[in-house]
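In what follows, a structure is listed as structure tokens, so that the remarks can point back to it.
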Amino acid sequence: MHHVHEETDGFRILPDGTRPRRATSSGAASFSGWSGRPWRSGRSPARIDGGACPSALRAEEALPPAFWGTPSGLACLDAVVSDVWATGYGHHITRLMVLSNLATLLGISPREITDWFWVAYTDAYDWVVEPNVLGMGTFALGDLFTTKPYVSGAAYIDRMSDYCQACRFSPKKDCPITSLYWAFLDRNESLLGENPRLSMPMRSLARRGERRKHDRRVHDWVQRSLAKGSSLRPEDRPPDGH
Ligand code: SF4
């Protein structure tokens with residue numbers, strides 16, 4: 001991690017010679033969308049290098065208020081976010097399995113979620129946060145670090161944690177994260193369809209047939225609701241049916 005970060009000047013110059021766009025703002029991770037006030041008062045410096053903005057999957061959504069503490073209705077996300085704001089820390093797996101996973105599934109800008117990690121964690125260091133979130137967590141650097149995006153549906157979260165026991169959604173029946181997972185594969189089929197490590201999920205995606213439309217509807221519902229700070233409820237979930 002450290003070596004690649006150093007050699008690429010924090011991913012400002014990638015090994016193939018491309019130079020991702022650089023952020024020119026202070027990297028507030030949509031703080032003002034949640035709080036209604038600017039990240040900092042006073043004048044900003046005229047020139048800011050806010051870090052590289054690679055996005056191999058062309059994700060560019062804003063970070064929803066749920067990451068700043070507005071309840072999302074997803075027990076896993078709300079518990080992890082609450083713990084992070086209480087302690088400034090979180091286990092590696094919750095960073096990947098819940099926070100980065102959700103951000104990737106929702107198509108959040110990799111720069112935004114990386115900036116959020118900068119703000120939220122007490123152990124944030126340049127060479128740790130940038131490679132871990134841009135490289136491993138969000139697949140923003142393509143296969144420079146990992147061979148496939150680190151994404152999962154509810155079954156994996158249920159198997160690896162006890163968050164689902166406190167959730168209004170059921171990981172086996174109506175958890176929207178599973179629909180987000182399929183909608184993610186559907187949306188990125190042209191970019192990820194040839195990835196050999198995704199051949200099995202892509203075959204399963206093809207077998208979903210008309211259910212893919214429903215996955216997209218659930219994705220749109222989750223994204224719209226979280227963007228305006230609403231909490232998700234099972235009774236509001238788009239009904240099954242093609
Ligand atoms: S049911 Fe889904 S949203 Fe709820 S805690 Fe489990 S994985 Fe998270």
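Nothing fancy with the numbering, it's 1 onward along the sequence. As the structure lists them, so they are numbered: ligands from 1, and atoms in each ligand from 1. Since the model is a prediction, treat every value here as computed from it, not as a measurement.
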task = Look at Arg237 together with Asp174 and state whether they make a salt bridge at an N to O cut-off of under 4.0 Å.
result = no
key: Ion pair check, Glu130 and Arg12, cut-off under 4.0 Å   = no
request  = Please name all residues satisfying side chain to side chain contact (heavy atoms under 4.5 Å, CB included) with Arg21, sequence neighbours left out, ordered by chain then number.
outcome  = Cys53
query = If you measure from the Lys or Arg side-chain nitrogens to the Asp or Glu carboxylate oxygens, is any gap between Asp158 and Lys173 under 4.0 Å?
reply = no
message = Just to verify, what does Ser82 make a side chain to side chain contact (heavy atoms under 4.5 Å, CB included) with, not counting sequence neighbours?
response = none
ask   = With a cut-off of 2.8 Å, how many protein N, O or S atoms neighbour atom 8 (Fe) of ligand 1?
value = 1
ask   = side-chain hydrogen bond (donor to acceptor under 3.5 Å, both in side chains) with Trp182: which residues, sequence neighbours excluded?
value = none
